[in-house]
Amino acid sequence: MIEKNYQPADIEGRMSRIWEESGAFRAGRPERRDAKPFTIVIPPPNVTGSLHMGHALNNTLQDILCRLERMRGRDVLWQPGTDHAGIATQMVVERQLMERQEPGRRDMGRARFLERVWQWKAESGGVIVNQLKRLGASCDWSRERFTMDEGLSRAVIKVFVELHREGLIYKDKRLVNWDPKLLTAISDLEVQQVEVKGSLWYLRYPLEGKTFNPDDPSTFIVVATTRPETMLGDSAVAVHPEDERYAHLVGKHVILPLVGRKVPIVADEYSDPEKGSGAVKVTPAHDFNDFDVGRRHNLPQISVLDQEGRLALVDNEDYLRGLPEGSMQLAEELHGVDRFAARKHILARLEDFGFLERVEPNTHMVPHGDRSGVIIEPYLTDQWYVDAKTMAQPAIAAVRSGATSFVPKNWEKTYFEWMENIQPWCISRQLWWGHQIPAWYGPDGKVFVAETEEEAVSNALGYYAEQEVITPEQGREMALDPAKRAGFITRDEDVLDTWFSSALWPFSTLGWPDDDKDVKRYYPTDVLVTGFDIIFFWVARMMMMGIHFMQKERPAAPLEKVVPFPTVYIHALVRDEKGAKMSKSKGNVIDPLHLIDDYGADALRFTLAAMAAQGRDIKLAPQRVEGYRNFATKLWNACRFAEMNACVLPSGFDPTQVNETLNRWIAHETALATREVTEAIEAYRFNDAAGSIYRFVWNVYCDWYLELAKPVLMGEDSAAKSETRAMVAWARDEILKLLHPFMPFITEELWAVTAANPREDRTLLALTPWPTGEGLTDAAAEAEIGWVVDLVTAIRSVRAEMNIPPATLTPLVLAGASAETKGRAQRWNDVVKRMARLADISFADRAPEGAVQLLVRGEVATLPLKGLIDFSAERARLDKELARAEADIKRVDAKLANEKFVAN
RNA sequence: GGGCGCGUAGCUCAGCGGGAGAGCACCUCGUUGACAUCGAGGGGGUCACAGGUUCGAUCCCUGUCGCGCCCACCA
């Protein structure tokens, strides 16, 4: 029995359990061993995360695809899992320690801290997984993976070691984006450029050998800067080689104000005569451009900041080098002062001595850490890099050749743009939570990279024994006893960027490198579904890693068998009402779980699918969700109606063999809807698919089929009645199937409850074959029922416009009706009379006088309403109709009169 | 500075070379058992603006205005 009211919460809980227990979503089910696989890897959410609208949309779309293919008989693997999210997770646990007033990370040490993170993960890391289950995601949860679990960690280590051996991973000392709050390097992608209203300061740098006089421009050169505090690290002033204003100064020197260091004036193309004063200070250790200028002119790199962005001057050999005697005062004064406080201080001092010429307001882009929010500091450190430029080449080729394509296609442009200008990828992070880099250092800093500590140690000890740094005896002792080699051989402290492990996701989750069975069966995956915000972070890197490593597995295979996915479906971003990206920090997040609580997961899913038009972002209106909850209720009640009328599907029922026109019509319409829904999903037009099934259920099945079936179901014709009962049930079942990918819970529930015999096991709807609609098209049935629908609609419209009370029954006269129409009118006499509130239906050669005329499928139907109608209203209606008809005629005449149109 | 996209009914959005659509909101009417989370009907839009291509443009092209996003080391 179907419950009286639709209660999403009850159903969703129950169905989740049934799916879980039945193993319906398991990949590799025995009966599908010979079926073609269909694979999607989930974009792994952060373990720290909770479900937001982006997840809800992303996973709804994946689930629609997976459920469709599962019903089509494919062996579906939707691979779930989570990402360890290095920085985010470490921050969460550190915050927790602080809240509980426990010792901080550094106090407890690396090992104990990591234990705490794992403990946190065990306790609260599963939140998002449960939320995905609430959404109805039909992942194979038995195969859930985590980027830090053992197998995936082995994949990470292997990839690192192999790329290092191939020279595609290397260590380099250069400027990185340094986060002075999190105290780690971050990649270019983790830097957000933010427009900041700042100032441009024009500074006078005195020329060597002249007596500085603020009023005499010949005694100094002016440089403009947005970062005056970095002047302590200046090692040159650059002017353009062709800038005549400064030509005579090239090769001369300036004395850095306050500092006293002598630095050269160099000619370099980087300097733009149009900008600032045309002369630019060069600070190779604190600016990416200056770094390059410095290399070209062999300038010293003077780093004047420490990790936390404070001035580090005392004990700073680079800074002190070349400083004249007795100029330590400034260093002592500013040592340990934060970069922004130092800026103020330095500006004040410059002004005191006349070195500050002027200040201009200046709006410019300033790099910020996307996690910490603080201003990023270009900082000179040793870091590990991936040679992304080399690895990008095959990944570019794969998209160029069509081995992988983006949907919608225009995202390929974005992909190419970035890939063709890709920079080395900084992969080391000064964090604890993550995959520790498998590199060990000897006493001279020589690096040994290996998959295991044993191997690295053995290599290192062998090397140092050979170099006679240690004796063979010492080597043997150190090999056996970690305590003995402590301090001699040390492991790299750093961990890898979280995206490094995510990049391996399409094959590491399948068991690579330990077991190739699933890689063979399920790789490449069939489609990747994601938002455009992580094309660079994730998609591009999966392409690089996937192609590189799977090419090794399949040396002879074409690119199509090596890329991680043939299709990348890029969906919309769910934005807030202002069109801004939803983010926790902005506090503009709509919680999908609240919507699920209020309207049910099915309603939320349907809303997202219906709004997932390609190429446009979604600004979600919660009212839409309510509307689709009503849709679910409508379906619920239609099924109750069927149940109340004893509509059950007889076994062996064949919908192509029905006799009743009405039943042939609904078969026809069902086939139409089936095709529309199937084709739309296949083309990733989720909104069209949702629209088709919505219209079919509500406006075809409920509004017309069930209404027209009512008289039959209550009538005396037992043959027609039993056929119609079967057909009501059949069409209902087809609806449940077509709707299942969108609304899995309610459809699975109704499928179970409406089984012919509830005690006998009906296969889960999730595993029931998807309809094809074959053999059901029926133009004759469409013509007949279509006529009924159009006639009733037209009459209702006129009656409403004429304000004819429902209680008033009016006659209908069909003027000059064809034999066909007469037949239809006789067959549908009762139905039309009831639905259109008619007294009777009759025929005439021509329209009676004073009758309202309606055009229905090319013939005239009239309502003799003399005495009932307001003639002026009717005249207005007819005028309007006439105008429309005349416009139509004019348009059509124009077209027909047009040779070129006729020619077409 | 480059790139992408958007401006269609009051709101949120589909459509995209030949008759302007949906949901919600609004108005009118309707409570005899599927559903008031409903039913029947209705009003409402020079499809941002200006040119061009075409027999024909909301749809293609160019430009303008407005809005959004992404990328970029420019003092």
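Residue numbering restarts at 1 for every chain, and letters A, B, ... go by the order of the sequence lines. None of the values given here were measured: they were computed from a predicted structure.
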Q: Does Gln193(A) CD have over 12 foreign heavy atoms under 6.0 Å away?
A: yes

Q: As an exercise, state the distance from CD1 of Ile396(A) to CE of Met419(A), rounded to the nearest 0.5 Å.
A: 6.0 Å

Q: Send over the distance from Phe406(A) CZ to rG5(B) C1', rounded to a whole Å.
A: 17 Å

Q: Nearest to the Arg796(A) side chain among rG42(B), rA40(B), rG5(B), which nucleotide is it?
A: rA40(B)

Q: With C1' as the reference atom in both, quote the distance from rA50(B) to rG7(B) in angstrom, rounded to an integer.
A: 16 Å

Q: I need the CZ-C1' distance between Phe537(A) and rC70(B), as an integer number of Å.
A: 12 Å

Q: Is it possible for you to check whether Arg732(A) lies under 6.0 Å from the centre of the six-membered ring of Tyr705(A), through NZ or CZ, and within 45° of that ring's axis?
A: no

Q: What is the distance, to the nearest angstrom, from the CD1 atom on Ile570(A) to the P atom on rC4(B)?
A: 17 Å

Q: Nearest-nucleotide wise, let me know which of Phe631(A) and Val223(A) is further upstream toward the 5' end of RNA chain B.
A: Phe631(A)

Q: Starting at atom CE of Met802(A), determine the distance to atom P of rC29(B), rounded to an integer number of angstrom.
A: 17 Å

Q: Walk me through it: do Asn362(A) and Ser199(A) pass the test side-chain hydrogen bond (donor to acceptor under 3.5 Å, both in side chains)?
A: CA-CA 5 Å; Asn362(A) 180 251; Ser199(A) 304; over 6 Å; no

Q: Separation of Leu189(A) atom CG from rA72(B) atom C1', in whole Å?
A: 13 Å

Q: OP1 or OP2 of rC4(B) versus the side-chain N and O atoms of Lys413(A): is any pair under 4.0 Å?
A: yes

Q: Select base, sugar-phosphate, or nothing to describe what Thr793(A) touches, counting heavy atoms under 4.0 Å on all strands.
A: sugar-phosphate

Q: Could you list, one pair per line, each protein nitrogen or oxygen that sits under 3.5 Å from a nitrogen or oxygen of nucleotides 32-34 of chain B, together with the distance?
A:
| from | atom 1 | to | atom 2 | distance (Å) |
| --- | --- | --- | --- | --- |
| rA34(B) | O2' | Asn637(A) | OD1 | 3.4 |
| rA34(B) | O2' | Arg640(A) | NH1 | 3.2 |
| rA34(B) | N7 | Lys710(A) | NZ | 3.4 |
| rA34(B) | N6 | Glu707(A) | OE2 | 3.0 |
| rA34(B) | N3 | Asn637(A) | O | 3.0 |
| rA34(B) | N3 | Ala638(A) | N | 3.2 |

Q: Rounded to whole Å, please give me the gap between CZ in Arg834(A) and C1' in rG39(B).
A: 13 Å

Q: Return the 5'-most residue of the pair Trp411(A), Val191(A) with respect to RNA chain B, ranking by each residue's nearest nucleotide.
A: Trp411(A)

Q: Let's see if you can work this out: which of rG42(B), rA40(B), rU12(B) has an atom nearest to the side-chain heavy atoms of Met611(A)?
A: rU12(B)

Q: Can you identify which nucleotide, out of rG41(B), rC4(B), rA14(B), has its nearest atom closest to the Asn410(A) side chain?
A: rC4(B)

Q: rC70(B) P sits how many Å from Ile535(A) CD1, rounded?
A: 13 Å

Q: For Ile422(A) and rA72(B), give me the distance from atom CD1 to atom P, rounded to whole Å.
A: 11 Å

Q: Can you tell me how far NZ of Lys721(A) sits from OG1 of Thr724(A), rounded to the nearest 0.5 angstrom?
A: 10.0 Å

Q: Pick base, sugar-phosphate or nothing for Gly278(A), based on heavy-atom distances below 4.0 Å to the nucleic acid.
A: base

Q: May I ask you to establish whether Lys710(A) and Phe641(A) are in a cation-pi arrangement, using a distance under 6.0 Å from NZ or CZ to the six-membered ring centre and at most 45° from the ring axis?
A: yes

Q: Dump every N/O contact between nucleotides 22-28 of chain B and the protein below 3.5 Å, one line per pair.
A:
| from | atom 1 | to | atom 2 | distance (Å) |
| --- | --- | --- | --- | --- |
| rC24(B) | O2' | Gln623(A) | OE1 | 2.8 |
| rC24(B) | O2' | Gln623(A) | NE2 | 3.1 |

Q: Of the nucleotides rG30(B), rG42(B), rC4(B), which one has an atom closest to the side chain of Pro806(A)?
A: rG30(B)

Q: What pattern of brackets, bars and dots sums up RNA chain B from 5' to 3', given Watson-Crick or G-U wobble pairs under 3.5 Å, [ ] for crossing pairs and | for another strand?
A: ((((((((.[[[[.)..(..]]]].(((((.......))))).....[[[[[..)....]]]]])))))))....

Q: Any side-chain N or O of Thr414(A) under 4.0 Å from OP1/OP2 of rC71(B)?
A: no

Q: Please enumerate all residues that pass ring pair (Phe, Tyr, Trp, His ring centres under 6.0 Å) together with Tyr415(A), with sequence neighbours excluded.
A: Phe406(A)

Q: After noting the C-alpha distance and the side-chain angles of Glu417(A) and Thr414(A), does the key distance pass the side-chain hydrogen bond (donor to acceptor under 3.5 Å, both in side chains) rule?
A: CA-CA 5 Å; Glu417(A) 185 77 18; Thr414(A) 306; over 6 Å; no

Q: Do Asn699(A) and Tyr694(A) pair up side chain to side chain, a donor and an acceptor below 3.5 Å, judged on atom types alone?
A: no

Q: What residues form a ring pair (Phe, Tyr, Trp, His ring centres under 6.0 Å) with Phe606(A), not counting sequence neighbours?
A: Tyr628(A), Phe631(A), Phe742(A)

Q: What's the gap between rG41(B) and rG21(B) when it is taken at their P atoms, as a whole Å value?
A: 16 Å

Q: Hey, does the Lys NZ or Arg CZ of Arg358(A) hover above the aromatic six-ring of Trp201(A), less than 6.0 Å from the centre and inside 45° of the axis?
A: no

Q: Counting the benzene-type ring for Trp, do Phe532(A) and Trp411(A) have ring centres under 6.0 Å apart?
A: yes

Q: Applying side chain to side chain contact (heavy atoms under 4.5 Å, CB included), can you list everything that pairs with Asp268(A), at least two apart in sequence or on another chain?
A: Ala238(A), Tyr270(A), Val293(A), Arg296(A), His297(A)

